[in-house]
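Notes follow the structure.
Both ligands and their constituent atoms are indexed starting at 1 by order of listing. Just so it is clear, the structure is predicted and the values come from calculations on it, not from any experiment.
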Amino acid sequence: MVSITFHGGVGEVGGNRILIEDGDVKLWLDFGRSFTAERRFYAGWLQPRGHSQLMDLLEFDLIPPLRGLYAQHHLEGSPIPYEEAHYDAVFISHAHADHVDYVRFLDSSIPIYCGSGTKLFLEASETVGHMDYGEHLYKTFRTGDRIRIGDVEVEPIHVDHSIPAAYGFIIHTSSGSIVYTGDLRRHGPKGEMTEEFLEAAAEAEPEALIIEGTKIDEEEGGLSEGEVYEGVLRVLREAEGKPVFYTQNRRDTDRFRTFYEAAKASGRRLVITTWTAHLLSKLVKDEHLDLPDPMRDEDIAVYFRRKRSGKYREQDYYHWERPYLERKVTAEEIRRRPGEYLVCLELHHFPELIDIKPRGGHYIYSMSEHMEEEALEEELMRNWLSHFSLRLHQLHASGHMGRRELLEAVELINPRRVYPIHTEHPELYRRLLRGRRVENPERGRSYHL
Ligand SMILES: [Zn+2]
């Protein structure tokens, strides 16, 4: 007998943790962090304690209280006794925190399957983001692979999303196929990958479709990446000689490319953070992603903040930042020649504006508020912008399909039953998909095929 149990992603955007069981085989689809659920107990300065993070999440039922799942050292002092792993594999759809973050608590004997790009993202986050995903056996896959776990076969197929190396899965079980979308969109630069996934999913004639619904409450998915590009170009044209700053999601390389191309087209150099420089240096190893090398590309410079010595000395910076010092641009340089750069400025680095001293100029906020890992203090942002006379522009292409495309996807795949997840409005699917079997999953409950 085959069952699906939803241990997260239920009635919320993110926190996907879905258990598939077929006889003895037990595998997870994603093992992410629930930002919405977590925010009820933890935010800003109030966080799980460093030495007992798992226990501090279990206390509020923010992570499934299961045996044979977590690493022994994380379970110390918790009500769950350590047992050898009961699970065979975890399949990660993509490297967004709400899909992957909690693998850090998992027993190292459970293999983690992910795209090779996802693995590079995790490595970069460990080096520069102070993340520790723990020791794991990683097995990377590509579209076209078929991974056997006992009698179950898992087929990863690429999809377009706001991060590279995103996949959906077709899981072939003894009771038919289960399709899991992960997160996906059709309006991005690689929309054809999503089409390929949807077609393969339809061919599998699935028993069940587990589908995301982040934007089921919006008719359309919003701007396309091309429209964001046009918007950025318009701002740059208008800004002649003036500084232009922007903030984007760190892991969205499509958006990076948008700013990179727009900067080139308007004769400016793109100034990126050391974080992005490090990430790009990792990702250039994956030729499928075709990204510029920040060490070689003349159109890219790297912003260095003044630290300790105040003189941009090598020892002021982390080891992983030092190689980029030769590509350095500073506040003083941008102050002198503001019209020559397009500068990435993250919200927590806004104090750099005090050194750059812009007098008029533009700021492009290029991310969704929803996926932000920390609450956006919009009022603070507006106060800073008004203090420095920077005009705010909001330009963003979502990583998710809107309602029309989501419903089209369901019709195309034509599953026997639909499980909406990763949405605050699962009930909309039932209302909109008249005549279809739609089950709004309850957290922790098993559904049998
Ligand atoms: Zn995502």
Under 2.8 Å from the Zn ion (ligand 1), is there an N/O/S atom belonging to [X]?
X: His96; result: yes
X: Asp98; result: no
X: His94; result: yes

Original post:
Once the angle between the rings of Phe6 and Tyr419 is folded into 0 to 90°, is it parallel (under 30°), tilted (30 to 60°) or perpendicular (over 60°)?
Top reply: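 It falls in the tilted class, 30° to 60°.
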Original post:
Do the ring planes of Phe91 and Tyr113 sit parallel (below 30°), tilted (30 to 60°) or perpendicular (above 60°)?
Top reply: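 Ring orientation, 0 to 90° scale: parallel.
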**OP:** Using a strict cut-off of less than 4.0 Å between a Lys/Arg side-chain nitrogen and an Asp/Glu carboxylate oxygen, indicate whether Arg234 and Glu230 qualify as a salt bridge.
**Re:**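 Result for this pair is no, no salt bridge flagged.
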**OP:** State plainly whether the residues Glu379 and Arg382 are in salt-bridge range, i.e. N to O under 4.0 Å.
**Re:**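 Salt bridge: no.
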Original post:
In degrees, rounded to 10 degrees, what angle do Asp183 atom OD2 and His161 atom NE2 make at the Zn ion (ligand 1)?
Top reply: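 Output for this angle: 100°, rounded to tens.
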